[in-house]
Number of protein chains: 2
Amino acid sequence: MVTYPLVVDLVFRALADPTRRALLDALFARDGQSVQALCALVPEMTRFGVMKHLEILEGANLVTTRREGRTKLHFLNPVPIQQVADRWIGKYAQPFTRALVDLQTDLEHRTA
Amino acid sequence: MVTYPLVVDLVFRALADPTRRALLDALFARDGQSVQALCALVPEMTRFGVMKHLEILEGANLVTTRREGRTKLHFLNPVPIQQVADRWIGKYAQPFTRALVDLQTDLEHRTA
DNA sequence: AGGATAAGTGACCATTTGGTCACATGTCAA
DNA sequence: TTGACATGTGACCAAATGGTCACTTATCCT
C-alpha cells in the first residue's frame, strides 16, 4: 500500500470539512481577514469553532497568519492545494476522464 | 456561506482517509478487483474494515461494483474526482499558483 | 449433498472530531 | 487607567468515524 506524503494527507483531511472549504473560499474572495470577519460569514457557529477550523487550516499550511495589533489576519496559501492536485488528483483527472465527465453531464441534461 | 453540492462534499469526505485513497490507487493500477484482492493490499486491516471503506467509496460514486458469481468486482469511477477538480480545486490551482509551487520547490531544493 | 470459499449484516467499541463554554490575555483609545 | 474589544486556552461533551467480531448467506466444486 502506497502511503502518500504528509502534505497530501494533511490537505485532504483539512479539505474534508465544508466549513473549512467555505473559509478558504472566503479568503479567496477577500484575503487577509480577521477572525471576527470570518466568524461573520459562519453565523451558525461560535468563534471558538471557527478558530479551531482556522487552526487546522494553518496546520495544513493552507492559511498563514500575521498579527496586526490586536487582530490576527488570515491569508490563503493555495500552494498545498496545487501540490495535491499535481501529486494525487492529476492522476485521475486526465483527458479521458474529462471526456467521461462531458458524456455524463450530457446524459444528465437529456431529459428525454 | 457557500455550501457546495453534495457530490463535492461526498467526494472530499471519501478522499480524506488514506486507506480509501490507497484503495482507489489499487483500482487505478488494476481495475475490477475483488474484495479479497483488495484486502491483500491492506494487510494491516481486516476484511470488514476494507469493506466499510469500499462502501463509502461506492457511496461517493468513486467505485462501482458488479457481482460475478460469488465474488464482487470493484471498478474505479474517476468522474467525481474530475468534477471536484473542476468545481472546487480548479479555482485554487491556477497558473499563478503553479508559479508559486515551482518557486517553493526551487527554494526547498537549494541546500545552500 | 456437503465442505470450502466469498461476501454481507448487525452489534459493539475506542478514538477522533466538531463544537461549546468559562475564563485569561493582550491591545487600543478616551 | 480603565473599559471595551480581539484573540487565546483548556476543559468538557456529543456525535461521527474507523475498526473488530460472531454469525449468516450465497456460490462453487467434487
Quiz item: Tell me: CD of A:Gln36 to C1' of C:dG26, nearest whole Å?
Solution: 14 Å
Self-check item: Close side-chain approach of B:Thr19 and B:Val50, heavy atoms under 4.5 Å
Solution: no
Quiz item: In residues 63-75 of chain A, which ones come under 4.0 Å of DNA chain D, going by heavy atoms?
Solution: A:Arg67, A:Arg70, A:Thr71, A:Lys72
Quiz item: Taking atom P of C:dC23 as reference, at what distance in whole Å does atom CE of A:Met51 sit?
Solution: 18 Å
Exercise. For B:Lys72, check salt bridge (Lys or Arg N to Asp or Glu O under 4.0 Å) against everything at least two apart and list the hits.
Key: B:Glu58
Self-check item: Non-neighbouring partners of B:Thr46 that pass side-chain hydrogen bond (donor to acceptor under 3.5 Å, both in side chains), sequence neighbours left out
Solution: none
Listing time: all N or O pairs from protein to nucleotides 11-17 of chain C that are below 3.5 Å?
residue : atom : partner : partner atom : Å
C:dT17  : OP1  : A:Arg13 : NH2          : 3.2

Practice problem: Calculate the interatomic distance between B:Glu55 atom CD and D:dG18 atom P; express it in whole Å. | Solution: 12 Å
Practice problem: Grab the CG-P distance between B:Leu23 and D:dG19 for me, whole Å please. | Solution: 10 Å
Quiz item: Which residue pairs pass the salt bridge (charged side-chain N to carboxylate O under 4.0 Å, His left out) test when at least one of the two sits in residues 28-39 of chain B, sequence neighbours left out?
Solution: none
Quiz item: For A:Arg20, which residues count as a side-chain hydrogen bond (donor to acceptor under 3.5 Å, both in side chains) partner, sequence neighbours excluded?
Solution: A:His53
Quiz item: Is the distance from OP1 or OP2 of D:dT20 to the nearest side-chain N or O of B:Thr46 less than 4.0 Å?
Solution: yes
Practice problem: Please name all residues satisfying side chain to side chain contact (heavy atoms under 4.5 Å, CB included) with A:Ala60, sequence neighbours left out, ordered by chain then number. | Solution: A:Leu10, A:Ala14, A:Leu62
Self-check item: B:His53 side chain near D:dT17 phosphate (N/O to OP1/OP2, under 4.0 Å)
Solution: no
Self-check item: side chain to side chain contact (heavy atoms under 4.5 Å, CB included) partners for B:Arg47, two or more places apart
Solution: B:Val35, B:Cys39, B:Met51
Quiz item: Hey, does B:Val63 have a side-chain heavy atom less than 4.5 Å from the side chain of B:Leu24?
Solution: yes
Practice problem: Would you work out how much the helix from C:dA1-D:dT30 to C:dA30-D:dT1 bends between its ends, with each end axis defined by five base pairs, to 10 degrees? | Solution: 20°
Quiz item: Atom CZ of B:Arg47 and atom P of D:dT20: how far apart are they, to the nearest Å?
Solution: 11 Å
Practice problem: Starting from P on C:dG19, measure out to CE on A:Met45 and report it in whole angstrom. | Solution: 4 Å
Quiz item: For B:Glu55, what residues pass the side-chain hydrogen bond (donor to acceptor under 3.5 Å, both in side chains) criterion, not counting sequence neighbours?
Solution: none
Quiz prompt | Pairwise 5' ranking along DNA chain C for A:Ala16 and B:Phe48, keeping only the more 5' one | solution = B:Phe48
Quiz item: Can you name the side chain to side chain contact (heavy atoms under 4.5 Å, CB included) partners of A:Phe28, sequence neighbours left out?
Solution: A:Leu76, B:Lys91, B:Tyr92
Exercise. With sequence neighbours excluded, tell me which residues meet side chain to side chain contact (heavy atoms under 4.5 Å, CB included) with A:Ala26.
Key: A:Gln33, A:Leu38, A:Leu41
